[in-house]
Amino acid sequence: MDLALVEAERAGDLGEVPIGAVVVDSGGEVLARAGNRTLGLRDPTAHAELLAIRAACAKLGSERLSGCDLYVTLEPCAMCAAAISFARIRRLYFGAGDPKGGAIEHGPRFFAQPTCHHAPEVVGGMGETKAATLLRAFFASRR
């Protein structure tokens, strides 16, 4: 999670919402890391999770990340939850919960739906204080 928090800080330094993500294989090797880039790439799908998943898939040469874990600083949205499911991520670790836009423990609870293809093991609250502090400071500076 520490690496995901570094990516979140980098994203925030670029004026992006400070969210970071890291994909790790079953042996603990970091396959990919990314921060939000929706503004810089002018792409509404350039969430940290999607960028990290895409990079990890490219590195492995596969559309599946079975046996891999994803660390992300904020509870994923529905779009990212779908990508996590389709990529067959083994475990999802996330920092701060997101009552407004989250789709894991809030909102649609994507992995609990009968139409969900694959539900990873989920661990929430990892690095929650630091992740939430980064987000609060970012949005406070915008007001």
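Please read all numbers here as calculations on a predicted model, not as lab measurements.
Counting only residues at least two apart or on different chains, no salt bridge (charged side-chain N to carboxylate O under 4.0 Å, His left out) pair has a member in residues 75-86. Pairs of residues two or more places apart, or lying in two chains, never qualify as ring-ring contact (aromatic ring centres under 6.0 Å, His included) while including a residue from residues 7-42. Contacts classified as side chain to side chain donor-acceptor pair (under 3.5 Å) and involving residues 113-124 (residues at least two apart or in different chains) are given here: Arg91-Glu121. Screening residues 5-39 for ring-ring contact (aromatic ring centres under 6.0 Å, His included), with sequence neighbours left out, gives no hits. Each ring-ring contact (aromatic ring centres under 6.0 Å, His included) pair with one or both residues in residues 27-79, not counting sequence neighbours, appears once here: Tyr71-Tyr93. A ring-ring contact (aromatic ring centres under 6.0 Å, His included) check over residues 8-44, counting only residues at least two apart or in different chains, returns nothing.
The side chain to side chain contact (heavy atoms under 4.5 Å, CB included) test applied to Phe138 returns Val17, Pro18, Arg142, not counting sequence neighbours. The salt bridge (charged side-chain N to carboxylate O under 4.0 Å, His left out) test applied to Glu9 returns Lys130, not counting sequence neighbours. Residues satisfying the side chain to side chain contact (heavy atoms under 4.5 Å, CB included) test with Ser62, not counting sequence neighbours, are Arg64. For Ala132, the side chain to side chain contact (heavy atoms under 4.5 Å, CB included) partners at least two apart in sequence or on another chain are Ala96, Arg136. Here Phe110 pairs with nothing under the ring pair (Phe, Tyr, Trp, His ring centres under 6.0 Å) rule; sequence neighbours left out.
Annotation: the span from Ile84 atom CD1 to Ile89 atom CD1 amounts to 6.5 Å, rounded to 0.5 Å. Taking CG of Leu60 as the start and OG of Ser66 as the end, the distance is 10.0 Å to the nearest 0.5 Å. Rounded to the nearest 0.5 Å, atoms OG1 (Thr45) and CZ (Arg54) are 4.0 Å apart. Between atom CZ of residue Arg42 and atom OG1 of residue Thr38 there is a gap of 11.0 Å, rounded to the nearest 0.5 Å. To the nearest 0.5 Å, atoms CG (Leu31) and OG (Ser26) are separated by 9.0 Å. Between the CD atom in Glu7 and the CZ atom in Arg37 there is a gap of 11.0 Å [rounded to 0.5 Å].
For Thr73 (side chain) and Ala4 (main-chain N/O), no donor-acceptor pair under 3.5 Å exists by modelled atom type.
If you chain together ILVMFWY residues whose side-chain heavy atoms come under 4.5 Å of each other, Leu41 ends up grouped with Leu51.
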